[in-house]
Amino acid sequence: MEHGNSCPALDLDADALVQCANRLSLRDLSNMAISCKYFRDVAYSDSVWRRWFRDHWPQQYTSLGLSQIFGVREAYVARHIALQQFKFSDPLTKVFVMAPALSSHLLFDKSNIVLAQGSAIQVLKIDTCSIGEYSSEALGGHNARITCMRQFPLKNTSLFRNDAQNEDNILVTASSDHTIRLWWKVLGQSQRCFRGHNGPVSTLVDKLVEDGSGKVLASGGEDGTVCLWSLSSSRKRGHHTLRTTFYGHEKKVTLLSVAGYSSSRLVSVSKDAKVRVWDTNASSASRSSQCVGMACINRDPVGMKCHEMLSFVAAGSSVVVIDFRTMRKVATVAVHEPKLYSLEFLSSKHLICTGGKDKAMLWDIRKNDEKPEPIADLDGHVGHVTQVRMDPYKIVTGGPSDSFVRVWETDTGLHTNSLICSASTDMGNVGGLSAMAVDGYRIVTSSGPGLTFYRDFTQSSCQLSSGGCNQSSRFWQPTSYSDSDD
């Protein structure tokens, strides 16, 4: 349109703006709604949200007759929240039966499920699950147990020159065989192997860290060292990729994270009951000087989350807060007796969830009480709660002695669902939760002996709160698991 024929957007009538709004993404619609009252009314109009509802859930759109009613946006949001909270009994369900080995780590990679079993990696392709088919691929390379598994966007690395638009992920695995392996290109064969630790590699950083020349990978070992690895394509062999080794810990490094206030501050926690902060931008001439802070904690650290200038560390039976400016403990935000087994943190809602014996607990970190009190008890579990996942809508908890994972509302702690994660035999349910991954409407759990349950709630229609559905622990219909005894 020529400049002389243009007019301010506010001068357009509502119908014309609705046509424009129908071409926007959900994020752009949200930005439109907060710009002014006139634009908000347009962004909230039923005609705009009918398209979103119809495109996402065509069957529900037809059955509910949404084309004839008002309040479509409210219906869309209500269904979106209910699906995120797994409040349905009829998800698309797949049960994979594999070798009788426990999966120690699980993650989603788009339409794949990636599992670590012993020294091997299994990739389950779930894009054909809806028609009762699937394929799998075994990736070998490690010679001992995989101890940690992470996933990073390939475009955040320097492995390719033209990777800015690449939407693939890079898989990184650490092992007791003293090595780290990198996998990419639809998780093909091992593309790179890093060697440098003088013992098993125990952990990997949760996100890439800056070292002045770009993003690098950090790892911790049972030898007490922290290593930085180059992800540049110019370095072809593993022994050339080691950038720096940090010394200072006296025992196994168990946790690594990047400080919230700086992408070049690496935080490590060790079984020596020390928290150390490393400056990855510092000159390598004096490696000992790269430790810029240290604090002491209880023994047996099980979790750490960094946010802005603070670090939340779960060890023993409490979660303490360490201020990076002073490296002192400034608060205790949770006490979970007799012992903590897991920690999850949701900074946007100022909430943490701790896993203990027979239950999990939800805490508000803004309550700086001398004796912290949980805002909700998430009980009903059997044994230790070692797995906790939390997002703005839900908390999912489980453990190795429990046949179910439990789902809870994040804001209230109300129980919304229980999902079976074990096999039924004449001796009862066997093989509790060993690993879990949650991604929006999807969840995958693994248990012994060699069972992986995949559930996708995207097109679910039977809501548990409606009263007409069976308990979710009974609904599943395995397509790869023989249930002939029923």
Considering non-hydrogen atoms only, spot the tightest contact between Ser447 and Phe453 and give its length. OG-CE1, 4.5 Å
His142 versus Thr179: any side-chain heavy-atom pair under 4.5 Å? yes
Is it the case that the side chain of Asp223 and the backbone of Asn198 share a donor-acceptor pair, with hydrogens and angles ignored and the cut-off at 3.5 Å? yes
Backbone of Val123 reached by a side-chain donor or acceptor of Glu137 within 3.5 Å: no
Just so I know, are the side chains of Phe345 and Ile365 near enough to count as touching, which here means a heavy-atom distance under 4.5 Å? yes
First locate atom CD1 of Ile146, then atom OG of Ser119, and finally report the distance between them rounded to the nearest 0.5 Å. 6.5 Å
Is the backbone N or O of Glu250 less than 3.5 Å from a side-chain atom of Ser270, with the two atoms forming a donor-acceptor pair by type? no
Neighbour count above 12 (heavy atom, 6.0 Å) for Lys271 NZ: no
Over all atoms of both residues, closest heavy-atom pair of Asp211 and Asn281: C-OD1, 2.7 Å
Shortest non-hydrogen pair, Thr203 vs Leu255, comes out as CG2-N, 4.0 Å
Please report the C-alpha distance between Ser268 and Trp278 in whole Å, then the side-chain angles of each, then the deciding distance to 0.1 Å, and finally whether the side chain to side chain contact (heavy atoms under 4.5 Å, CB included) criterion is met. CA-CA 8 Å; Ser268 61; Trp278 310 91; 2.8 Å; yes
Quick one: does any side-chain atom of His381 pair with a main-chain N or O of Lys357 as donor and acceptor, under 3.5 Å? no
Does the ring center of Phe457 lie less than 6.0 Å from the ring center of Phe86? yes
Here the pair of heavy atoms bringing Ala376 nearest to Gly413 is CB-CA, 4.1 Å
Decide, yes or no, whether a salt bridge links Arg366 with Asp364 under the criterion of side-chain N to carboxylate O below 4.0 Å. yes
Verdict with reasoning, His80 to Tyr441, per ring-ring contact (aromatic ring centres under 6.0 Å, His included): CA-CA 9 Å; His80 170 73; Tyr441 303 150; 5.8 Å; yes
Quick check: do Tyr454 and Ile113 have side-chain heavy atoms less than 4.5 Å from each other? yes
Exercise: identify the closest heavy-atom pair between Leu204 and Cys148: N-SG, 3.6 Å
Polar side-chain atom of Asp402 near backbone of Val382 as donor-acceptor pair, under 3.5 Å: yes
Provide the closest heavy-atom pair for Trp363 versus Pro374 in the form atom of the first, atom of the second, distance. CZ3-N, 3.3 Å
Got a donor-acceptor contact below 3.5 angstrom from the His415 side chain to the Asn417 backbone? yes
Partner of Trp408 under side chain to side chain contact (heavy atoms under 4.5 Å, CB included), chosen from Thr416, Leu378, Leu414, Val396: Leu378
Within a strict 4.5 Å, meaning less than it, do heavy atoms of the Phe324 and Arg265 side chains meet? no
Mind checking whether Leu171 and Asp109 have side chains closer than 4.5 Å, heavy atoms only? no
Does Arg442 count as lying over the ring of Phe108, i.e. NZ or CZ under 6.0 Å from the six-ring centre, within 45 degrees of the axis? yes
Please confirm whether the backbone N or O of Thr458 pairs with a side-chain atom of Asp456, one donor and one acceptor, at under 3.5 Å? yes
Taking side chain as C-beta onward, heavy atoms only, is Thr280 less than 4.5 Å from Gln290? no
Within the structure provided, determine whether Pro392 and Leu346 are in side-chain contact (heavy-atom separation under 4.5 Å). yes
Could you measure the distance from the NZ atom of Lys349 to the CG atom of Asp391? Nearest 0.5 Å is fine. 9.5 Å
Regarding His197 and Thr225, is there a side-chain donor-to-acceptor distance under 3.5 Å anywhere? yes
Ser317 (side chain) donor-acceptor with Leu340 (main chain) under 3.5 angstrom: no
Please tell me if the side chains of Tyr261 and Glu308 come closer than 4.5 Å, counting only heavy atoms from C-beta onward. no
Any Lys/Arg nitrogen of Glu409 or Lys394 sitting under 4.0 Å from an Asp/Glu carboxylate oxygen of the other? no
Ignoring hydrogens and geometry, is there a side-chain-to-backbone donor-acceptor pair from Ser318 to Val320 under 3.5 Å? no
Ser434 (side chain) donor-acceptor with Ser103 (main chain) under 3.5 angstrom: yes
Can a donor-acceptor pair be found between the side chains of Thr241 and Ser230 at a distance below 3.5 Å? no
With sequence neighbours left out, the residues meeting salt bridge (charged side-chain N to carboxylate O under 4.0 Å, His left out) with Glu344 are Lys305
Salt bridge flag under 4.0 Å for residues Lys110 and Asp168: yes
